[in-house]
Amino acid sequence: SMRDARQRDASGALPDGSPLSPPAREAHEITRLREALICKLTRQSTLTDARIANALRAVPRHSFVPEASLQRSYEDSVVPVKHVGDELVSTLSQPSAIVVMLEQLQVQDGMRVLEIGTGTGYNAALLAALAGPKGKVTTVDIDEDLSRHAEIVLDRLGCSTVHVQTGDGFLGVPEHAPYDRIELSVATPAISPAWTSQLVDGGLFVGPIRVKGMQFLTPAFRKNGAQLVSESIHACHFVPMRGSRTANISTYRLPVRPNLRFVWESPDEFPAGLLTRILRQERKVLDEVPVSWPAAAYILLTNEAAFYTES
């Protein structure tokens with residue numbers, strides 16, 4: 001109505017002080033939270049591309065996590081989605097991490113994009129907004145429950161250019177190849193040959209790569225013939241990829257701190273006993289005693305509870 005179209009103040013009321021209807025009040029709150037998030041990401045220089053900002057405005061993030069509050073949905077934080085036992089296997093990724101990777105990916109109108117790790121479907125919707133009506137987004141997830149839920153939400157939002165598939169993302173989706181862009185929304189210990197073969201020459205591949213235990217490396221590779229050449233690298237943390245062809249990474253807990261989890265990638269035996277003894281010892285600050293460097297080095301090397309600090 002003409003009345004509801006009038007400018008609203010920050011409280012969500014009309015200028016004459018009359019309250020908004022519940023649907024209008026919710027819509028006002030969504031707009032406020034979304035714009036606050038975009039403003040924060042822009043102020044931090046995380047978000048610099050106006051097309052990505054418009055995609056964030058066009059795709060309702062809260063629709064993909066209906067169990068979360070509006071406030072939680074639009075915070076710059078991860079929203080847990082699914083656990084298997086006590087392990088978190090799927091999340092709605094942190095907006096700043098999503099934006100960093102989208103800026104690296106440089107999706108243009110009409111492009112064909114493959115996403116590995118559908119999750120909630122939110123990132124696929126953003127990719128579709130960036131690729132436009134002439135583009136095509138294929139997204140694959142190994143978890144049928146997640147892909148089915150994502151497909152329902154994407155259909156409801158009218159994302160007709162997104163194809164959702166259940167399968168092992170390590171194999172890509174050859175039936176819709178080749179792709180101009182490939183993005184991983186999960187962390188991988190290796191780059192699958194299927195991804196490189198399904199990527200056009202000159203195309204971009206972006207994804208979190210695990211290197212020697214480091215979980216935060218997210219490079220953008222440009223395909224140049226048989227090579228992948230890194231163009232940029234950022235730090236983003238994602239849940240690990242699942243599937244028969246991904247490396248199994250062992251995790252351990254110790255009877256010291258229940259929330260402390262160790263990721264162990266070495267072929268050697270996990271030093272559970274040593275770490276338990278170290279963690280159980282209380283820190284002791286001794287009186288200052290002048291010690292030569294050789295003596296200090298000997299103490300640090302032979303006493304597992306000793307450590308060095310500079311004041």
Side-chain angles (χ1 to χ4, degrees), residues 4-81 91-109 113 115 119-132 135 137 150 153-154 156-159 162 181 183 185 204 206 208 216 218 220 232-239:
D4 285 345
R6 282 181 283 166
Q7 184 181 6
R8 297 164 176 85
D9 65 19
S11 67
L14 293 166
D16 60 8
S18 58
L20 296 173
S21 65
R25 187 162 57 247
E26 181 179 85
H28 176 270
E29 180 66 3
I30 290 168
T31 300
R32 185 187 69 80
L33 292 169
R34 184 182 61 229
E35 291 303 318
L37 174 63
I38 291 172
C39 181
K40 177 181 179 181
L41 296 176
T42 303
R43 192 168 57 247
Q44 295 172 346
S45 298
T46 303
L47 175 60
T48 62
D49 189 330
R51 295 180 66 247
I52 295 175
N54 289 334
L56 292 174
R57 291 187 175 98
V59 179
R61 181 174 163 91
H62 63 282
S63 296
F64 295 87
V65 279
E67 300 83 4
S69 67
L70 290 177
Q71 182 74 36
R72 183 69 188 276
S73 298
Y74 288 96
E75 288 176 351
D76 188 23
S77 61
V78 172
V79 181
V81 172
T91 66
L92 175 59
S93 300
Q94 187 173 356
S96 55
I98 291 173
V99 167
V100 164
M101 291 178 65
L102 288 178
E103 297 229 351
Q104 287 180 281
L105 201 62
Q106 303 172 34
V107 176
Q108 303 299 321
D109 285 339
V113 185
E115 181 195 29
T120 64
Y122 174 64
N123 192 67
L126 293 173
L127 291 171
L130 292 169
V137 176
V153 178
L154 289 165
R156 187 185 303 141
L157 295 175
C159 298
V162 179
R181 300 287 188 266
E183 181 183 20
S185 296
L204 278 170
V206 176
F216 306 101
T218 306
S232 65
I233 188 165
H234 288 279
C236 297
H237 186 204
F238 284 77
V239 296

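Note that the structure is a prediction, hence the values are computed from the model and not measured.
Considering every non-hydrogen atom in both Val206 and Ala220, the closest pair reads CG2-CB, 3.7 Å. Nearest heavy-atom pair across Ala124 and Val162 is O-CG2, 3.9 Å. The heavy-atom pair separating Leu41 from Ser96 by the smallest distance is CD2-CB, 3.7 Å. For the residue pair Ala129 and Ala55, the shortest heavy atom distance occurs at CB-CB, 3.9 Å. Shortest non-hydrogen contact noted between Ala58 and Pro60 is O-CD, 3.5 Å. Scanning all heavy atoms of the two residues, the minimum distance from Thr46 to Val99 falls at O-CG1, 3.5 Å.
Residues Val59 and Phe64 meet the side-chain proximity criterion, which asks for heavy atoms closer than 4.5 Å. Put simply, the side chain of His62 does not reach to within 4.5 Å of the side chain of Leu33, judged on heavy atoms. Taking the side chain as every heavy atom from C-beta outward, Pro208 and Met101 approach each other to under 4.5 Å. Between Thr120 and Val153 there is no side-chain heavy-atom pair separated by less than 4.5 Å.
If you check the side chains of Ser69 and Gln71, you find no donor sitting under 3.5 Å from an acceptor.
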Kindly determine whether Glu29 and Glu26 satisfy side-chain contact (heavy atoms from CB on, under 4.5 Å), including the steps that lead there.
CA-CA 5 Å; Glu29 180 66 3; Glu26 181 179 85; 5.6 Å; no
Where do Glu103 and Leu47 land on the side-chain contact (heavy atoms from CB on, under 4.5 Å) test, with the steps shown first?
CA-CA 8 Å; Glu103 297 229 351; Leu47 175 60; 3.8 Å; yes
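In this structure, Arg72 contributes its side chain and Val78 its backbone to a donor-acceptor pair below 3.5 Å.
Atoms OG1 and CD, from Thr218 and Gln104 in turn, are 6.5 Å apart once rounded to the nearest 0.5 Å. Separation of atoms CD (Glu35) and CD1 (Ile38) is listed at 4.5 Å; rounding is to 0.5 Å. Distance CG/Asn54 to CG/Leu126: 11.5 Å, rounded to 0.5 Å. Annotation: the span from Leu127 atom CG to Ile98 atom CD1 amounts to 9.5 Å, rounded to 0.5 Å.
Salt-bridge formation is not detected for the pair Arg181/Glu115: no Lys NZ or Arg NE/NH1/NH2 atom is positioned less than 4.0 Å from an Asp or Glu carboxylate oxygen.
A cation-pi arrangement, defined by a distance under 6.0 Å to the six-membered ring centre and an angle within 45 degrees of its axis, is present between Arg61 and Tyr122.
Tested against Arg51, the residues Leu102, Leu56, Leu130 include a single side-chain contact (heavy atoms from CB on, under 4.5 Å) partner, Leu130.
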